[in-house]
Undergrad: 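Below you will find the structure I want to go over with you.
Just the heavy atoms: all of them, side chains too, but no hydrogens, waters or symmetry mates, feed the values below. Letters A, B, ... mirror the listed sequences (proteins, then strands); counts begin at 1. Small disclaimer: the values here were computed from a predicted structure and weren't measured.
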Number of protein chains: 2
Amino acid sequence: MQHINWDNLRYVLMVANKGSIAAAARELEVNRTTVLRRINKFQENLNCRIFDRGDAGYVLTPEAEKMIHAAREVENTLFDMQRQIAGHELKLEGELRVTTTDSFMLSVLGPHLATFRQKHPHIVVDVLVTNSLLDLTRRDADVAIRPTSAPEASLVGRRLCDVEFGVYAVPEVLTALEPDSVLDARWIGFADSLQSTPIGSWLEATVKQQNICLRCDSFVAIRIAAEAGIGLALLPRFLGDDSAKLVRLQLPVDELTTGLWILTHPDLVRSARVNAFVQHFTEALSAP
Amino acid sequence: MQHINWDNLRYVLMVANKGSIAAAARELEVNRTTVLRRINKFQENLNCRIFDRGDAGYVLTPEAEKMIHAAREVENTLFDMQRQIAGHELKLEGELRVTTTDSFMLSVLGPHLATFRQKHPHIVVDVLVTNSLLDLTRRDADVAIRPTSAPEASLVGRRLCDVEFGVYAVPEVLTALEPDSVLDARWIGFADSLQSTPIGSWLEATVKQQNICLRCDSFVAIRIAAEAGIGLALLPRFLGDDSAKLVRLQLPVDELTTGLWILTHPDLVRSARVNAFVQHFTEALSAP
DNA sequence: TTAATATGCTGCATATTTGCAGCACTATAG
DNA sequence: CTATAGTGCTGCAAATATGCAGCATATTAA
């Protein structure tokens, strides 16, 4: 009996998740051919057809559903295991993965990463700047710094500071405004992960859909668009006030003030590296 | 972050089970160096020391205990999965693993394997002749043919026929016997898996320990030893009666009559191959 | 004591896996 | 319609994993 290669299971699961060899290969950061061959080898060893060819990739056979369920169990067990191990790591050295958005990278993390590096020269920080949410459960990242009104219950962390918002535009846009017609003007909206935040909800409730003329998933990009005169923009004040071209409107949006949080997985709270990082940024950014 | 190779987990688990690189390599049927390198790679990627050097191999570090527990869970999940898949295999082709002892191979399976092969030419039967018990849960084998008074509750199967026993010896040994001193004579005893059977218990209760001058884990080997004049032997009648050199004693051992069973795992009862095999041998061997 | 057997580990040769380039096919946009 | 972008798949070259031989050390048996 031929042993199945357990590592091929990881590939099978990714193809099942992503729906195609090519997409799975991108996620796994290997060549497409590798994924194809491993899938075929796995099916051959197991003597079981897991995938059928679909229009745009691979679809699971009905009989493989249970198998994928088992594979997911295995994956969860192994992620748990890895977090447990990482959570007990007491050395102030090695890799630490931190995720945040481009805007907070620009404004918040940049200066303090240098001081952290000076204090802990043997910790290698991988900063993952992305405007989509990385999954701390799956070890996509060890620490997340992001704004949220209510952190996920499964994570632990602390509030670093408040992020205040303001509505901004270039003077040309403001001049063209009719009195009391701010909400009928052209606005820059939110895409993807920004859409499902409280500020995204606010904008959706406040501005008519046809008045949204552009959507971005990044505050930096929104600022650039606003500076180009595309429309009104709701921005964190640290970004808007910092622009030489933008003027802030006297539109009260205090209720949108949001906490900036530093979060990690409960399994990682005892990790020396994670602790060092959280402590450093808490001290650097906390309100007095 | 470096992905851990899930297949290395299989190696880690085997080293944990066997206690040394060398023993694990034998079990996994790979070179020792391969095991060593995979262990080291796994520890390096996980940044966690799993094993310490012991006097005679590798011992688990205390912090790795939880990890091994998780690995065992993974293993069980994957064995379950494989059995589920194999259990739904409807083709009368491919590999089938059958385990039995050398004595039943000689006397029972041999002739009927040929007729099975004629009937099902696309099923490849791997016969695992061993006097130790293979684990059907772990897929060491798909079907077991062995004598037992009570099959394991977790397995399913049927009773093929009765195996009657008799006490045998060569005439020279019988001539040297004092009257009514059979139980004080020299006997050939049972080793390993035969020891913990009802016949093993009977012999232990019936013959004094100092009168056991040899132990074997195989009835074929016991017959050979008896034919060499070493002592008295308790043998299945199909083996003893078939010997030109051995004489059967008029010692009543009817209560030792044991069922010969064909067993499989519940997950495999719907497999076409398993069913074909079980049916064939049931018909061939069942009492009328 | 010596010899044999077991263990882990290192360096070189061989085998296997992976990446790359390209092909065929399908769907979409201009 | 053509061009582009996406998909899966095949064959060759490069990279990686594995096996083999041998060394060092420890244990056991004669």
Undergrad: With sequence neighbours excluded, give me every salt bridge (Lys or Arg N to Asp or Glu O under 4.0 Å) pair touching residues 24-37 of chain A.
TA: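 Every salt bridge (Lys or Arg N to Asp or Glu O under 4.0 Å) pair that includes a residue of residues 24-37 of chain A, provided the two are not neighbours, is A:Lys18-A:Glu27.
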Undergrad: Please tell me which of the listed nucleotides, C:dC9, C:dG19, C:dT7, lies nearest to the side chain of B:Leu36?
TA: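 Ranking C:dC9, C:dG19, C:dT7 by closest atom to the B:Leu36 side chain puts C:dC9 first.
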Undergrad: A:Thr99 versus A:Asp140: any side-chain heavy-atom pair under 4.5 Å?
TA: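 Not in contact.
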Undergrad: Given C:dG22, C:dG8, C:dT18, identify the nucleotide with an atom nearest to the side chain of A:Thr34.
TA: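 So the side chain of A:Thr34 is nearest to C:dT18.
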Undergrad: D:dC20 base to B:Thr33 side chain: any donor-acceptor pair below 3.5 Å?
TA: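 By the distance-only test, yes, there is a pair.
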Undergrad: Please confirm whether the shortest side-chain N or O distance from B:Arg26 to OP1 or OP2 of C:dT7 is below 4.0 Å.
TA: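 Indeed, a polar side-chain atom of B:Arg26 lies that close.
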Undergrad: Considering only NZ, NE, NH1 and NH2 on the basic side and carboxylate oxygens on the acidic side, decide whether B:Glu93 and B:Arg273 come within less than 4.0 Å.
TA: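 Here B:Glu93 does not pair with B:Arg273 in a salt bridge, since their nearest N and O are not under 4.0 Å apart.
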Undergrad: Picking from C:dC9, D:dC9, D:dC20, which would you name as closest to the side chain of B:Asn31?
TA: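 Shortest atom-to-atom distance from the side chain points to D:dC20.
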Undergrad: For D:dC9, take OP1 and OP2 only and decide whether either is under 4.0 Å from a side-chain N or O of A:Tyr58.
TA: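 Yes, A:Tyr58 has a side-chain N/O under 4.0 Å of OP1/OP2 on D:dC9.
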Undergrad: Check every strand shown and say whether B:Arg37 touches a base, only sugar-phosphate, or nothing at a heavy-atom separation below 4.0 Å.
TA: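 Result for B:Arg37 = base.
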Undergrad: Could you tell me if A:Asn8 and A:Arg38 have a donor-acceptor pair between their side chains, going purely by distance under 3.5 Å?
TA: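 Side-chain D/A pair, A:Arg38 to A:Asn8: present.
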Undergrad: Hey, does the side-chain of B:Arg32 have a donor or acceptor N/O within less than 3.5 Å of a partner on the base of D:dG19?
TA: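 Under the 3.5 Å cut-off, the side chain and the base do not form any donor-acceptor pair.
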Undergrad: With the side chain of B:Ala22 defined as its heavy atoms from C-beta on, choose the nearest nucleotide among C:dG8, C:dT17, C:dT10.
TA: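 For the B:Ala22 side chain, the nearest candidate turns out to be C:dG8.
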Undergrad: Taking any heavy-atom pair under 4.0 Å as a contact, classify B:Ser20: base, sugar-phosphate, or nothing.
TA: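 B:Ser20: backbone/sugar contact only, no base atoms under 4.0 Å.
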Undergrad: B:Arg53 CZ to C:dC9 C1': how many Å, rounded?
TA: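 Distance check: B:Arg53 CZ to C:dC9 C1' gives 8 Å.
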Undergrad: Counting side-chain heavy atoms from CB outward, which of C:dT17, C:dT18, D:dG8 is closest to A:Arg38?
TA: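 Among C:dT17, C:dT18, D:dG8, the one nearest the side chain of A:Arg38 is C:dT18.
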